[in-house]
Amino acid sequence: MKPRVTENCFAALVRTFKTSDHFLKDLRPASQALWGRELDFACRPNLLGAISLDEIRPALVQQYLDGWSDKPGKQAAALAAFRALEKWAIVRDLLARPITLGVETGKPTGSHVPWTDEQVALAESNARDDLRRVITLGANTGQRGSDLVRMGWGDIEIFRGRAGINVRQVKTGREIWVPIFEPLRRAMETWERRPGPFLLTAWGEPWDRQQLTMAWWHERNTNPELKTLRDADLVLHGLRGHASCVCIEPGLRAERSVCWSECRFLWSSGTAGYRYRKRTLWPPC
């Protein structure tokens with residue numbers, strides 16, 4: 001007999017969660033899209049959707065995630081969605097017990113590994129023009145894609161002789177200042193100065209994060225010059241790792257190494273502390 005969805009089942013709880021003020025007003029659009037997609041899939045009647053709220057438990061969630069053992073990134077996204085649902089529901093007496101306690105996922109491999117200098121240079125030389133700028137900005141600032149698409153000329157601030165980009169991070173809400181080092185400065189000299197963000201599509205419109213992800217995926221998989229990047233399964237998020245690696249490699253790019261280490265320390269501070277430390281510690285000794 002085909003499983004049946006009732007009002008006392010997991011699917012009904014997810015529907016309630018997705019129409020709640022918390023989901024619609026407190027979560028970022030990116031989180032709504034990602035977690036909503038993962039929960040919707042899990043809510044299929046032949047998966048978790050038809051399981052009653054009296055029966056749903058960590059063992060069943062683990063069993064569901066084990067079905068995605070070959071996709072640890074998807075496992076992690078689904079588990080994050082389950083945890084958000086659990087946190088919201090359990091304090092409202094909509095769940096009688098935790099459903100993610102002890103649940104584990106595999107570790108992502110490949111996708112988010114840092115890009116090497118050679119891989120960055122290959123993409124900058126062979127990707128289509130609008131994506132070359134994305135690679136350059138991501139590799140030299142280490143910011144998430146949701147922040148890259150919002151950076152613009154109006155965010156540049158000169159402090160103690162150093163130009164930097166002011167960013168309010170979408171994910172953390174922190175206000176940070178990212179120094180512009182020589183490779184990025186040289187590249188920016190070739191960019192047209194105009195109102196709005198640095199990064200524009202081939203038809204001159206601002207990117208949104210999901211659109212940018214799909215554009216890179218298509219370019220990487222269809223451009224024969226980028227075959228090695230496709231084989232390495234490189235994604236844009238790996239550019240954050242590239243920027244971090246630059247700062248810790250001993251003896252490499254001395255000025256940039258010192259500055260990045262300093263900035264990483266500053267970024268770990270709260271907003272108020274960051275503003276103070278930026279103005280007292282820059283430039284690094």
Side-chain angles (χ1 to χ4, degrees), residues 5 7-51 53 56 58 60-62 64-65 67-68 71-95 98-101 103-106 108 111-112 134 138 143-152 167-176 196-197 199-201 205-218 235-240 271:
V5 172
E7 290 308 308
N8 186 41
C9 65
F10 185 72
L13 176 64
V14 169
R15 286 198 301 269
T16 304
F17 175 56
K18 290 181 61 181
T19 57
S20 68
D21 285 346
H22 172 66
F23 188 88
L24 297 175
K25 297 180 180 180
D26 296 341
L27 298 184
R28 297 181 296 110
S31 296
Q32 292 177 14
L34 178 61
W35 292 350
R37 182 170 65 248
E38 295 300 333
L39 291 172
D40 286 345
F41 191 92
C43 281
R44 295 183 178 187
N46 60 328
L47 297 176
L48 299 178
I51 298 175
L53 297 183
I56 190 73
L60 296 178
V61 173
Q62 184 68 67
Y64 169 77
L65 293 177
W68 296 104
K71 295 184 177 181
K74 182 172 178 62
Q75 282 185 323
L79 181 55
F82 289 141
R83 284 174 172 165
L85 170 67
E86 173 190 78
K87 181 179 179 181
W88 172 85
I90 208 162
V91 297
R92 292 170 173 81
D93 283 336
L94 299 176
L95 275 176
I99 63 173
T100 64
L101 182 64
V103 173
E104 299 178 342
T105 65
S111 292
H112 289 180
V134 174
Q143 296 306 295
R144 299 176 182 88
S146 56
D147 299 316
L148 293 177
V149 298
R150 297 165 59 246
M151 292 181 184
V167 180
R168 175 182 282 276
Q169 293 182 321
V170 171
K171 181 174 182 178
T172 67
R174 288 178 178 155
E175 293 181 1
I176 64 171
L199 305 180
L200 299 173
T201 65
E205 296 180 358
W207 291 101
D208 65 49
R209 180 63 181 93
Q210 187 61 31
Q211 183 186 33
L212 181 59
T213 297
M214 296 307 297
W216 167 248
W217 183 87
H218 180 269
V235 298
L236 295 178
H237 196 77
L239 293 171
R240 282 174 55 77
T271 299

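FYI, side chains are in, hydrogens and waters are out, and symmetry mates aren't considered; it's all heavy atoms of this structure.
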Engineer: If you count heavy atoms of other groups shown closer than 6.0 angstrom to NE2 of His218, is the number above 12?
Structural biologist: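 Not buried by this count: 12 neighbours or fewer within 6.0 Å.
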Engineer: To the nearest 0.5 angstrom, please state how far the CG atom of Leu48 sits from the CZ atom of Phe41.
Structural biologist: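 Going from CG on Leu48 over to CZ on Phe41, the span is 10.5 Å.
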Engineer: For the atom pair CG (Leu53) and CG (Asn8), what is the distance rounded to the nearest 0.5 Å?
Structural biologist: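 Between atom CG of Leu53 and atom CG of Asn8 there are 4.5 Å.
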Engineer: If you measure from CG on Leu94 to CH2 on Trp88, what distance do you get to the nearest 0.5 Å?
Structural biologist: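 Atom-to-atom, Leu94:CG and Trp88:CH2 are 5.0 Å apart.
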Engineer: Start with the C-alpha gap between Ile176 and Gln143, add the side-chain angles, then the distance that decides, and say whether side-chain contact (heavy atoms from CB on, under 4.5 Å) holds.
Structural biologist: CA-CA 10 Å; Ile176 64 171; Gln143 296 306 295; 3.3 Å; yes
Engineer: Looking at Pro45 and Ala50, what are the two nearest heavy atoms and their distance?
Structural biologist: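 Closest pair (atom of Pro45, atom of Ala50, distance): O-CB, 3.7 Å.
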Engineer: Return the CH2 to CG distance between Trp35 and Asp40, rounded to the nearest 0.5 Å.
Structural biologist: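 Rounded to the nearest 0.5 Å, the CH2-CG separation comes out at 14.5 Å.
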Engineer: If I take atom CG from residue Leu212 and atom CG from residue Leu236, how far apart are they, to the nearest 0.5 angstrom?
Structural biologist: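 So the CG of Leu212 and the CG of Leu236 are separated by 5.0 Å.
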Engineer: Taking all non-hydrogen atoms of both residues, which atom of Pro98 and which atom of Pro58 are closest, and how far apart?
Structural biologist: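 Looking at all heavy atoms of both residues, the closest pair is O-CD, 3.5 Å.
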Engineer: Under the criterion side-chain contact (heavy atoms from CB on, under 4.5 Å), I'd like the reasoning laid out for Val167 against Met151: C-alpha separation, chi angles, the key distance, then a yes or no.
Structural biologist: CA-CA 7 Å; Val167 180; Met151 292 181 184; 3.7 Å; yes
Engineer: Could you tell me the separation between the CG atom of Leu101 and the CD atom of Gln62, rounded to the nearest 0.5 Å?
Structural biologist: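 Going from CG on Leu101 over to CD on Gln62, the span is 11.5 Å.
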Engineer: Do Thr172 and Arg144 have side chains that get closer than 4.5 Å, going by heavy atoms?
Structural biologist: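 Yes; the side chains approach each other to less than 4.5 Å.
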Engineer: Are the side chains of Thr201 and Gln211 in touch, meaning some heavy atoms are under 4.5 Å apart?
Structural biologist: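 Sidechains of Gln211 and Thr201: in contact.
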Engineer: Taking only residues two or more places apart in sequence or in another chain, which ones pass salt bridge (charged side-chain N to carboxylate O under 4.0 Å, His left out) with Lys74?
Structural biologist: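 Partners of Lys74 under the salt bridge (charged side-chain N to carboxylate O under 4.0 Å, His left out) test: Glu38.
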Engineer: Could you list the residues that satisfy salt bridge (charged side-chain N to carboxylate O under 4.0 Å, His left out) with Arg150, not counting sequence neighbours?
Structural biologist: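 Partners of Arg150 under the salt bridge (charged side-chain N to carboxylate O under 4.0 Å, His left out) test: Asp147.
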Engineer: Would you say that Val103 contacts Arg83 through its side chain, given a criterion of any heavy-atom pair below 4.5 Å between the two side chains?
Structural biologist: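 Val103 does not reach Arg83 side chain to side chain.
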Engineer: Working note: Ile56 + Leu95, criterion side-chain contact (heavy atoms from CB on, under 4.5 Å); need CA distance, chi angles, decisive distance, verdict.
Structural biologist: CA-CA 9 Å; Ile56 190 73; Leu95 275 176; 4.0 Å; yes
Engineer: Could you report the tightest heavy-atom contact between Ala11 and Cys43, atom names first, then the distance?
Structural biologist: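 In terms of heavy atoms, the two residues are closest at CA-SG, 3.6 Å.
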Engineer: Checking Trp207 against Leu148 for the side-chain contact (heavy atoms from CB on, under 4.5 Å) test, could you report, in this order, the C-alpha distance in whole Å, the side-chain angles of both residues, the deciding distance, and whether it holds?
Structural biologist: CA-CA 9 Å; Trp207 291 101; Leu148 293 177; over 6 Å; no
Engineer: What are the two closest heavy atoms between Thr16 and Thr19, and how far apart are they?
Structural biologist: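 So the minimum-distance heavy-atom pair works out to O-OG1, 3.1 Å.
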Engineer: Can you sort out the partners of Glu86 under salt bridge (charged side-chain N to carboxylate O under 4.0 Å, His left out), two or more places apart, ordered by chain and number?
Structural biologist: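 Partners of Glu86 under the salt bridge (charged side-chain N to carboxylate O under 4.0 Å, His left out) test: none.
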Engineer: Taking the side chain as everything from C-beta on, heavy atoms only, tell me whether Gln75 gets closer than 4.5 Å to Glu104.
Structural biologist: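 They are not in contact (no side-chain heavy atoms under 4.5 Å apart), so the answer is no.
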Engineer: Please check this pair: side chain of Arg168 against backbone of Arg174, looking for a donor-acceptor N/O pair closer than 3.5 Å.
Structural biologist: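 Pair absent, no side-chain N/O of Arg168 close to backbone of Arg174.
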Engineer: More than 12 non-hydrogen atoms from neighbouring residues, nucleotides or ligands closer than 6.0 Å to CG on Leu24, yes or no?
Structural biologist: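 Atom CG in Leu24 is crowded, with more than 12 foreign heavy atoms closer than 6.0 Å.
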Engineer: Mind checking whether Phe23 and Phe17 have parallel, tilted or perpendicular rings, split at 30° and 60°?
Structural biologist: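 It falls in the perpendicular class, over 60°.
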Engineer: Please name the pair of heavy atoms, one in Val149 and one in Ser146, separated by the smallest distance, quoted to 0.1 Å.
Structural biologist: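 For Val149 versus Ser146, the nearest heavy atoms are CG2-O, 3.5 Å.
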